[in-house]
Amino acid sequence: MIDPKLLRQSAADVAANLARRGFEFDADAYLELEERRKALQVETEQLQSERNASAKHIGKAKARGEDIEPLLAAVKDLGDRLEAGEKALQELQGQLRDIELGLPNLMSEDVPTGDSEDDNTEVRKWGEPPQLDFAARDHIELGESLGQLDFDAASKISGARFVVMKGQLARLQRALIQFMLDTHTSEHGYTETYVPYLVKPPALIGTGQLPKFEEDQFRTTDEPPFYLIPTAEVPVTNLASDVIFDADALPVRYVAHTPCFRSEAGSHGQDTRGMIRQHQFEKVELVQFVAPDASMDALEELTGHAEVVLQKLELPYRVVILCSGDIGFGSTKTYDIEVWLPGQNRYREISSCSNYNDFQARRMKARRRNPETGKPELIHTLNGSGVAAGRALIAVMENYQQEDGSIRVPAVLQAYMGGLEVIDASG
RNA sequence: GGAGAGAUGGCUGAGUGGUCGAAAGCGCUCCCCUGCUAAGGGAGUAAGGGUUAAAAGCCCUUCGAGGGUUCGAAUCCCUCUCUCUCCGCCA
């Protein structure tokens with residue numbers, strides 16, 4: 001959520017910033033509602049004040065044993081007027097809040113303007129795509145010929161966009177997850193967390209998926225309304241909801257491995273084959289809570305933590321900064337890390353690292369005590385994949401493939417694979 | 001699933017219709033005393049919002065959430081959510 005004060009005072013500036021995203025914010029309509037709210041609120045609070053004063057009066061008169069009938073008569077119609085005013089005010093505030101919850105975050109100045117992912121800017125590149133002296137196969141061909149990825153079996157059970165993994169490939173994904181968790185906890189100072197995979201609406205409102213992106217979620221039940229998490233960002237970031245952190249408690253760094261569930265509504269026809277885009281996938285997620293002035297540095301740092309994973313796996317990648325047309329709803333600045341996939345002969349997203357500044361914090365009332373003023377203030381939240389395990393599996397398969405269709409196990413993963421060096425059809 | 005108890009400020013915890021935004025303790029901040037990695041004394045210390053250019057001041061809201069009763073609700077009534085205890089079931 002954008003600071004309502006800023007909306008009031010600088011609606012035009014806000015509209016200009018959001019317009020870079022291609023989002024149209026009707027500042028005039030908002031300000032008009034806001035004008036009405038102001039007038040109505042002042043009036044209503046005035047009535048409330050009157051009621052409080054007269055109630056106090058009556059109480060004192062009664063205590064003295066005086067006749068209170070005339071006093072009661074004097075405030076007879078106050079209640080009705082007050083009720084009408086409060087109701088109208090509530091409705092108006094609800095309308096304003098609906099608008100505010102639907103507004104994306106203000107972007108950082110250094111986010112480049114652009115329409116789509118084609119306009120994202122490369123920031124840096126690491127590693128060189130492997131030079132294979134044979135035709136690169138994609139992960140589907142590799143996995144199926146090994147007999148360890150089975151898309152047909154998955155579709156029989158659950159339909160499109162699912163996979164069944166078996167044998168050493170299934171183990172390889174698990175190894176990737178363990179390796180990533182260990183790296184972030186022991187080398188980057190993150191605390192491992194285990195969190196619920198089903199969440200209630202307020203959690204999704206807090207991180208920004210609701211109310212706007214209901215159709216992207218898997219809703220399980222109506223009463224109570226439980227949603228499958230689309231990312232660990234939701235339960236983990238909500239650990240800060242309604243919390244006031246002590247001044248010295250920040251930064252907080254959490255890492256979690258969870259499955260992620262996405263309806264992929266609106267992505268029909270994209271990446272329909274293989275396990276690039278699934279309804280269910282595994283991800284290791286990094287989340288940070290930081291002081292407001294520390295979030296831009298933290299974003300660089302967090303992105304670096306995700307990069308370390310790919311460096312240790314010796315997977316070539318590049319980092320791009322998302323342009324205004326591609327950046328997520330709640331983010332003020334996002335870096336995507338794209339790993340090289342020989343099977344597609346291109347870089348594909350494997351991590352997305354975002355600074356949300358106070359956007360999520362305002363929604364979920366995540367605060368810290370400012371050491372100078374002693375007053376609570378909104379913290380900044382960040383998150384990033386560190387990294388997506390399913391796509392990491394694909395990347396390892398395609399980058400480490402050999403001519404006979406077997407796959408070498410990256411050095412850092414061998415300890416997690418019982419010393420196994422090569423995955424082949426033997427299982 | 002059955003029975004019961006509870007939800008109060010950063011934390012613990014009193015408070016059953018007006019004198020309660022709320023005792024007390026802890027924590028924190030400042031001051032005094034002491035002259036030493038201790039103890040003691042005093043003062044202050046909830047959040048959110050409105051008004052304002054901003055601050056001060058003033059006002060409003062908030063004692064899990066939402067309704068209701070009342071001139072007036074932390075306190076009474078209803079619904080819901082969550083937590084805990086016991087029983088049952090169970091990975």
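From a predicted model like this one, the values you see are computed outputs, not experimental measurements. All chains are named by letter (A, B, ...) in the order of the sequence lines, taking the proteins before the strands, and each is independently numbered beginning at 1.
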So, with a heavy-atom separation below 4.0 Å from RNA chain B, the residues of residues 50-62 of chain A are R51(A), N52(A), A55(A), I58(A), G59(A), K62(A)

Looking only at atom P, what distance separates A24(B) and G41(B), rounded to whole Å?
15 Å

Check your understanding: When the aromatic ring centroids of F261(A) and F281(A) are compared, is their separation below 6.0 Å?
Key -> no

When the C1' atoms of C58(B) and G17(B) are considered, how many whole Å apart are they? 28 Å

Given protein heavy atoms under 4.0 Å, the one-letter contact record of nucleotides 47-52 of chain B, with B base, S sugar-phosphate only and - none, is simply SSBSSS

Item to check | Whether H184(A) and H188(A) hold their rings parallel, tilted or perpendicular, with breakpoints at 30° and 60° | outcome: tilted

Closest non-hydrogen contact found for A306(A) with I337(A) is CB-CD1, 3.6 Å

So the stems of RNA chain B, runs of at least three Watson-Crick or G-U pairs (under 3.5 Å), are B:1-7 with B:81-87, B:10-12 with B:24-26, B:27-32 with B:40-45, B:46-51 with B:57-62, B:64-68 with B:76-80

Practice problem: Indicate whether OP1 or OP2 belonging to A54(B) is found under 4.0 Å from a side-chain N or O atom of Q9(A). | Solution: yes

Worksheet item: What interatomic distance, in whole Å, is found between C1' of A14(B) and the corresponding atom of A22(B)?
Response: 10 Å

**Prompt:** When the aromatic ring centroids of F245(A) and F289(A) are compared, is their separation below 6.0 Å?
**Reply:** yes

So salt bridge (Lys or Arg N to Asp or Glu O under 4.0 Å) across residues 291-309 of chain A, not counting sequence neighbours, yields R124(A)-E307(A), R253(A)-E301(A), E300(A)-K333(A)

So CD of E314(A) and CG of N399(A): to nearest 0.5 Å the spacing works out to 10.5 Å

Would you please indicate yes or no on a ring centroid separation below 6.0 angstrom for H380(A) and Y356(A)?
no

Could you work out the separation of A23(B) and A43(B) based on their P atoms and round it to a whole Å?
14 Å

Report task. Please state the C1' separation for the pair C63(B) and G10(B) - nearest whole angstrom. Result -> 16 Å

Quick note, ring pair (Phe, Tyr, Trp, His ring centres under 6.0 Å) partners involving residues 4-34 of chain A, not counting sequence neighbours, are F25(A)-Y30(A)

The salt bridge (charged side-chain N to carboxylate O under 4.0 Å, His left out) partners of R368(A) (sequence neighbours excluded) come to E377(A)

Exercise for review: Salt-bridge test for D150(A) and K156(A): reply yes if a basic N is under 4.0 Å from a carboxylate O, no otherwise.
Suggested key: no

Q: Could you give the distance separating C31(B) and G72(B) at their P atoms, to the nearest angstrom?
A: 47 Å

Regarding the side chain of S49(A), the nearest nucleotide among C59(B), C71(B), U61(B) is C59(B)

Exercise. Report the C-alpha separation of V287(A) and E285(A) in whole Å, then their side-chain angles, then the decisive distance to 0.1 Å, and conclude whether the side-chain contact (heavy atoms from CB on, under 4.5 Å) test is met.
Key: CA-CA 7 Å; V287(A) 172; E285(A) 183 77 0; 4.2 Å; yes

What interatomic distance, in whole Å, is found between C1' of C77(B) and the corresponding atom of G21(B)?
24 Å

